[in-house]
Amino acid sequence: MEWWNDAVVYQVYLRSFADSNGDGIGDLAGLRTRLGDLAALGVDALWLNPCFASPQRDHGYDISDYFSIDPDYGTVDELETLVESAHELGLRVLLDMVANHCSDQHEWFREAITAGAGSAARERFLFRDGRGAHGELPPNNWQSVFGGPAWTRVVEPDGRLGQWYFHAFDASQPDFDWRHPEVADHFDRVLRFWFDRGVDGFRIDVAHGLVKSAELADWPGADDGTGGHNYDMWDQPEVHEVYRRWRRIGDGYAPDPKYFVGEIWVPSVESLADYLGPEQLHQAFGFDLLVQPWNADRMRAAVDRGLGQSARTATPPAWTLANHDVHRTVTRYGQAQDLSAPVPSDMIAAARRHGPADLELGVRRARAAAMLLLALPGTSYLYQGEELGLPEVVDLPRDARQDPIWVRSGGAELGRDGCRVPLPWSADAASFGFSPAGAALPWLPQPAWFGDFAADTQQHDPSSTLSLYRELLHSRRALFAPSEPLLWLASDNPELLVFARGSAICAVNFGERDAALPLADDARVLVRSTSGRDIPGTTLPANSAVWLTTATGPEHHGLRPTTEDALAR
């Protein structure tokens, strides 16, 4: 079994993890000083959000040089040293590959602007003449993911307004034309450059989006192109050859081949299966679980879909409940849960909604959700700060927000800054230990209440969220063996979700009342999401979870396998 099949991967938003030099920005040296904390937590690998050279318009997702590290974060040598140190602790290191687009400061794009219409330099991007009598209208009605038109008009070398270029995201992020052979050759070199420096794999940003439809026709629906999810912008047949090519490169590093996991949004499991398998990507994120409300039926259905996808694609699931693009779980689960609304096509945006939150309730639910996540078969991805129980910072000053989503929506969308606020390491230190004493203020302001969640206040508290995560991570693999499939167990309580993997059972109470859990005499409770251990073994408190084990098997608990159980093969 490959290392990623049942790994726990910790997502590091480097800019907000740990600042070593006092400039208020997290960096590679800061992360290196905290590797021991991550090893002690019990994770298997790290995924670093983009740390390549960038003007930071979208904080690293606008890359100006794929072969260098941004000076804010360090150097290539420091990245190599980090990887070596991580490997010594048994931690793998993944980087973030942004191949759909680059920065408008990339040398290729600057050359394209200077060279003018019809030049070879423009063929690496999606430059087109505009519509209308004087080319004053965009080439089509496609919309940017960040809001507004997906086309920006350039000023030509002679000073006149000229062609338009396509950007699926911000105007500072022009999309490559992946039908141009130089683009594919460039990224072959990028992969090899970082693999040769010990990097273990890549998370691929917007992996379905690299190739656009050749016709660039208007998207049907609303006149402004917003009529549903535009799959002409994404999911084109030619994209699969990109990943076959990348897989051959990664497999060439045997006996320790490199790993690829994709951020993929496609309309069906069948479409997703086209990206996965022995010739393309190893895994794709299962975001379905992330966007579900706190509800037993909805969560179970999401797990079933993930397991079904895994069975069809013959790849292990990659689960997550949080990342750098959505509001934190504590806040989401503390908000009123809308069970009537279907999950919209833009599921990530749905997980960034406004609204008040009961944070005490959110913490209880988030702890229970972590137990559900970490008991599932496959790979689990954790976002930094979730192990501290951090809520979303929703009260950031307007002038402090930097996310392009906030800017392009005119403040209508809060964007993603609230989940990216620098971590609190020490309750009593300046900037809560994120930066050294006497440092500049963090790049995003930390609220005063962050001290309540600081790592040092939780370190030796057995009831803390940090202690719970350590316990879960150090016991999950021994308790839920990777080879054991998932078997749903029937319950008379619709708020109770219970499944077994071998002799281990995970039970989650999604209700607002305590639930009776029938247990055999030999049942042994191992971990509870609630603090304290004086609760009767047959009672599962509201909004909580438990892991337990039995020598006799789940059928002796009065818990029956359901007839429509989902098995993870």
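Worth knowing before you read on, the calculation uses all heavy atoms, side chains too, and leaves out hydrogens, waters and symmetry mates. Quick caveat: nothing in here was measured; it's all calculated off a predicted structure.
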Checking [X] now: which residues fulfil side chain to side chain donor-acceptor pair (under 3.5 Å) with it, not counting sequence neighbours?
X    : value
S431 : none
D72  : none
S103 : none
R248 : E241

Not counting sequence neighbours, which residues clear ring pair (Phe, Tyr, Trp, His ring centres under 6.0 Å) with [X]? List them please.
X    : answer
Y61  : H324
Y333 : W294
W406 : none
W443 : H59

Mind running side chain to side chain contact (heavy atoms under 4.5 Å, CB included) on M97 and L191 for me, showing each step along the way?
CA-CA 9 Å; M97 175 57 69; L191 292 178; 3.7 Å; yes

Scan for side chain to side chain donor-acceptor pair (under 3.5 Å) pairs involving residues 115-140, sequence neighbours excluded, and state none if there are none.
E111-R124, R122-E156, R122-Q163, R124-E182, D129-Q163, R131-D218, N140-W151

Given side chain to side chain contact (heavy atoms under 4.5 Å, CB included), test L79 with V199 step by step and report yes or no.
CA-CA 9 Å; L79 189 282; V199 169; 4.0 Å; yes

The criterion is salt bridge (charged side-chain N to carboxylate O under 4.0 Å, His left out); which residues satisfy it with [X], sequence neighbours excluded?
X    : value
D104 : none
R305 : D288
D205 : R203

Verify ring-ring contact (aromatic ring centres under 6.0 Å, His included) between F52 and W194, making sure each step is shown before the conclusion.
CA-CA 11 Å; F52 309 110; W194 296 108; 5.4 Å; yes

More than 12 non-hydrogen atoms from neighbouring residues, nucleotides or ligands closer than 6.0 Å to CG on L161, yes or no?
yes

More than 12 heavy atoms of other residues, nucleotides or ligands under 6.0 Å from CZ of R420: is that the case?
yes

Would you sort out whether D274 and S271 count as a side chain to side chain donor-acceptor pair (under 3.5 Å), showing the intermediate values?
CA-CA 5 Å; D274 291 339; S271 296; 5.3 Å; no

Would [X] and [Y] count as a close aromatic pair, with their ring centres under 6.0 Å?
X    : Y    : answer
F202 : W246 : no
Y66  : F187 : yes
F285 : W47  : yes
F109 : H167 : no

How long is the span from the [atom1] atom in [X] to the [atom2] atom in [Y], to the nearest 0.5 Å?
X    : Y    : atom1 : atom2 : result
L276 : Q309 : CG    : CD    : 6.5 Å
L46  : L82  : CG    : CG    : 7.0 Å
L38  : L31  : CG    : CG    : 6.5 Å
I25  : S20  : CD1   : OG    : 11.0 Å
T315 : Q280 : OG1   : CD    : 11.5 Å

Nearest heavy atoms of S144 and D170, plus distance in Å
OG-N, 4.4 Å

For A168 and F166, work out which heavy atoms get closest and say how close.
N-CE2, 3.7 Å

Under 3.5 Å, is there a donor-acceptor pair between the side chain of [X] and the main chain of [Y]?
X    : Y    : value
S85  : T81  : yes
D251 : P257 : no
T152 : A171 : no
D27  : D19  : no
R34  : A18  : no
Y243 : F260 : no
D200 : V93  : yes
Q384 : V12  : no
R332 : L290 : yes
Q292 : A302 : no

For K212, which of D235, D177, D175 qualifies under salt bridge (charged side-chain N to carboxylate O under 4.0 Å, His left out)?
D175

Any idea how [X] and [Y] line up, ring-wise: parallel (<30°), tilted (30 to 60°), or perpendicular (>60°)?
X    : Y    : result
Y253 : F195 : perpendicular
W265 : F287 : parallel
H106 : F176 : perpendicular
F127 : Y165 : tilted

Evaluate the criterion salt bridge (charged side-chain N to carboxylate O under 4.0 Å, His left out) for residue pair R245 and D185; output intermediate values, then yes/no.
CA-CA 10 Å; R245 186 165 172 159; D185 291 343; 2.6 Å; yes

Relative to F193, does R197 satisfy both conditions: NZ or CZ under 6.0 angstrom from the six-membered ring centre, and within 45 degrees of the ring's axis?
yes

Does the side chain of V261 reach to within under 4.5 Å of the side chain of Y381, using non-hydrogen atoms?
yes

Would you check, one step at a time, whether the test salt bridge (charged side-chain N to carboxylate O under 4.0 Å, His left out) holds for D62 with R57?
CA-CA 7 Å; D62 50 329; R57 287 283 298 275; over 6 Å; no

Result for ring pair (Phe, Tyr, Trp, His ring centres under 6.0 Å) between Y275 and one of H282, H208, H240 points to H240

